[in-house]
Structures are given as structure tokens and as C-alpha cells.
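Everything numeric in this text was worked out from a predicted model, so none of it was measured. Below, all heavy atoms of this structure are taken into account, side chains as well, without hydrogens, waters or symmetry copies. If you read the sequence from its start, that first residue is 1, and numbering goes on from there.
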Amino acid sequence: MIDLLHDCDPGNDDALAILAALGHPAVRLLAVTTGAGHLSSDRTAINAAITVAMAHPLAAPVCEGSVGPLLRERLIARVLDMESALDPVRDDLARVELDPQHSVDRIAAEAAARPGLTIVATGPLTNIALTLRRYPHIQPLIGRIVTLSGAWGLGTKSAAAEWNILCDPEAAAIVYGSGIPLTMVPVDASGTVPITPALIDRVAALRAPVAKLAAELLASLRSTHRPNVLTPIETPLHDPCAVLVAAQPGIAKTVKARVDIETAPGLNYGRTVVDFHGRSVTPANCDVVIEFDVDATQEALIASIAAIAALQPGDLESGNAIPAAAHQTT
């Protein structure tokens, strides 16, 4: 079993990743830390708190973190409005009380307490970069960072840059250059794992509050997908892939590569420059996922949600706050 901290910016696919971490038998989820990214930092923290509450009786503390990038202005995702799931305010759903500790302080505390900690990052890398700057002594204590970020090909937000990197390229440059063992899950690879109607139906068939929310999240993601000439026809699963590959490395094929982040202003700002062929004068710093076993990845997500659903005889769908401590399990 791995000790895992999930740093994220929920967002529907981040919420699914939280559920994957809570339910996976190979993961001990120590904390969920949030920051600005897909939404403002207050909203991402609330969405994480709702998601954790829906996994009752399993839980983890939720901490709010960075309100914006290190240097650049904060980007707005401009995702199409959802009719359900977690993009609108969901006052109908319970939430755990937020832990008062800042995300940066929580990351440092967990790394110090659990040498070899795995951090999965499915949002901008601001919190992790700030942690490495504020608490440099914890750097050798982090066992691995698995980050859903970057691309070896075209960008997803600009012509050159993927969203999570473009939100804070300077933070990404700090993390990718830290020397900490790093697994990069680029969108070129996670984009091959689709959210299919069959996947949604299988999750919904689990018939528990957590499964209802997860199916709603998946369906909402499908409703906003707008494929173009080079993007996948089916909606990509994305963020849960990072949690699942941390828990089950065998579901993905990786190759070592040098990855650098372009931080100079211009058309390539935020680009992940991936050197698969050893042309760089600097050594490889990443295990880059180049291929997923699609069936195994989807099955791992379903199994994680099913593990939570099996513990849920009751109904969690109310707007009342739930103390986080009430859900802690060992």
C-alpha cells in the first residue's frame, strides 16, 4: 500500500480522481490539498469537500491552498456550464469541514511524517512548487510525484501548452527541475482512456450515493466534450488516470525522457519540451506515460468506486456539513 497525497483543483475529473484514491485498495489517502486552477481556490476546496463527504465512511482531510499562480495572472478555464455534477454550486450535497491547515503546510507535514510519500497532482503545480521553496528539507523525503500535466504533442489550452502547465509554468519548472522522481501523465496518453456510455452505465449500476455522483460526473464530462480534428472522439478520462497509475503502475507503459518547461514569453509559453531521444545535454528527469491499458484503467476506476459503494447503506445527499473527523478510517 502506498501513502498518497492528492493535490488537485476539482473540477469533475479531479473529483473522480479523489474517489479513485479513496477507494483503491493499494492507496492510503492521507490528504486532499486544493488550489486555484479549473475554478477559484474557494470553489475547488468546496468541491473536494463534497467529494470526500460522498465517500463516507471513508475520508481524508481537505485543505485549501494557493489562490493563484506564482507569477502569471490566473487563467479562467471557460469550460461550458454544467447542468449537474460539480461545476455549478451543489448546495444539495453534504461536505466535510475543511481542515484549517494551508495546502502547502499540509504537503510538507505529510512528507515529513511519511518518508517516501507519493504525491499525485492533477491541477496546476503551484502548491507543490511553493512547498519545495518554503520547506526545502522535505524534498528528499518525497518518494515520487505523479503529475497529470503537459503533452509531447500539441497543447490543449494554447497551441503549445496543456492547461495544468499553462496555469503556472514557473511552478511546473520548479517541480520538473526538482530532482524528485517524477511520473508525467501527458494528455496525449490520458486522452486515450475514454469515458464511454458503457463505463457510465457500469458505475451507475453500483446503486450507492457515491456511484450516483460518479456517474453524474462522468456524464457531465461527456456532455461538454467538443472533439476537433486532432482530439479524441470520446471524452477522455484524464485526471483519474494519474491516481490509478500511481496505485497500479502496470496499467501504463512509461519511457524515460527529459522534460523541460518553456517559461519565456511568447507562443511557446508553458510548452512541455519532451526529449525522448536523449538529445538534451541534461539527464532524463521523468518517466513519461506513453500508453495506457484502457480496459485495465477503466476496470480500476470501477473497482475503486465499487469499494466505496459497498460501504454505503445510507443516503448522503443533504446539504449539511459533516465534520471531517467523523469519517476517518484506519
Check your understanding: Side chains of Val175 and Ile145: closer than 4.5 Å at any heavy-atom pair?
Key -> yes
Requested in this report: Assess the side chains of Asp7 and Thr33: does a donor N or O sit below 3.5 Å from an acceptor N or O?
Outcome: yes
Looking only at atom types and distance, does a side-chain atom of Thr192 sit under 3.5 Å from a main-chain N or O of Ala189, one as donor and one as acceptor?
-> yes
Between the side chains of Thr122 and His6, does any donor sit under 3.5 Å from an acceptor?
yes
Rounded to the nearest 0.5 Å, the CZ atom of Arg72 sits from the OG1 atom of Thr126 at a distance of 11.0 Å
Next on the checklist: When you compare the side chains of Thr235 and Arg222, does any donor N or O come within less than 3.5 Å of an acceptor on the partner?
Outcome noted: no
| said: Using a 3.5 Å distance criterion without hydrogens, assess whether the side chain of Ser103 forms a donor-acceptor pair with backbone atoms of Cys63. | reply: yes
* State plainly whether the residues Asp168 and Arg74 are in salt-bridge range, i.e. N to O under 4.0 Å. => no
Lys/Arg-Asp/Glu bridge criterion (N-O < 4.0 Å) met for Arg106, Asp99: yes
Margin query: Tell me if a side-chain donor or acceptor on Asn285 pairs with a main-chain N or O of Val259 at a distance below 3.5 Å.
Written below: yes
**Prompt:** Hey, are the side chains of Leu70 and Leu130 touching, using non-hydrogen atoms and a 4.5 Å cut-off?
**Reply:** yes
**Asked** Going through the checks in order, is the side chain to side chain contact (heavy atoms under 4.5 Å, CB included) test met by Thr118 and Asp3?
**Response** CA-CA 6 Å; Thr118 297; Asp3 291 321; over 6 Å; no
query: Any luck finding a side-chain donor-acceptor pair between Asp275 and Ser280 under 3.5 Å?
result: no
Exercise. Evaluate side-chain hydrogen bond (donor to acceptor under 3.5 Å, both in side chains) for Asp9 paired with Thr44, printing each intermediate quantity in order.
Key: CA-CA 5 Å; Asp9 63 335; Thr44 61; over 6 Å; no
(message) Under the criterion side chain to side chain contact (heavy atoms under 4.5 Å, CB included), I'd like the reasoning laid out for Ile50 against Ile46: C-alpha separation, chi angles, the key distance, then a yes or no.
(response) CA-CA 6 Å; Ile50 290 170; Ile46 288 170; 4.0 Å; yes
Heavy-atom closest pair (Ala53 atom, Arg95 atom, distance to 0.1 Å) is CB-CA, 3.6 Å
Arg90 versus Glu216: any side-chain heavy-atom pair under 4.5 Å?
yes
Ignoring hydrogens and angles, state whether a donor on the side chain of Ser190 or His238 is under 3.5 Å from an acceptor on the partner side chain. yes
For Ala296 and Ile251 the tightest heavy-atom approach is CB-CG2, 4.0 Å
Taking Trp163's backbone N and O only, do any of them form a donor-acceptor pair with Thr156's side chain (distance below 3.5 Å, no angle check)? yes
With a 3.5 Å distance limit and no angle check, can you tell me whether Asn127 reaches the backbone of Val104 through a side-chain donor-acceptor pair? no
Under a 3.5 Å cutoff, is there a donor and acceptor pairing between the side chains of Tyr176 and Ser149?
yes
When you check the gap from the basic side-chain N to the acidic O, do Asp105 and Arg134 get nearer than 4.0 Å? yes
Checking Val146, Val185, Leu148 against Val289 for side-chain contact (heavy atoms from CB on, under 4.5 Å), the one that qualifies is Val185
Margin query: When you measure from the side chain of Glu262 to the backbone of Ala264, do you find a donor-acceptor pair of N or O atoms at a distance under 3.5 Å?
Written below: yes
**Q.** Polar side chain donor-acceptor pair, Thr34 to Glu64, under 3.5 angstrom
**A.** no
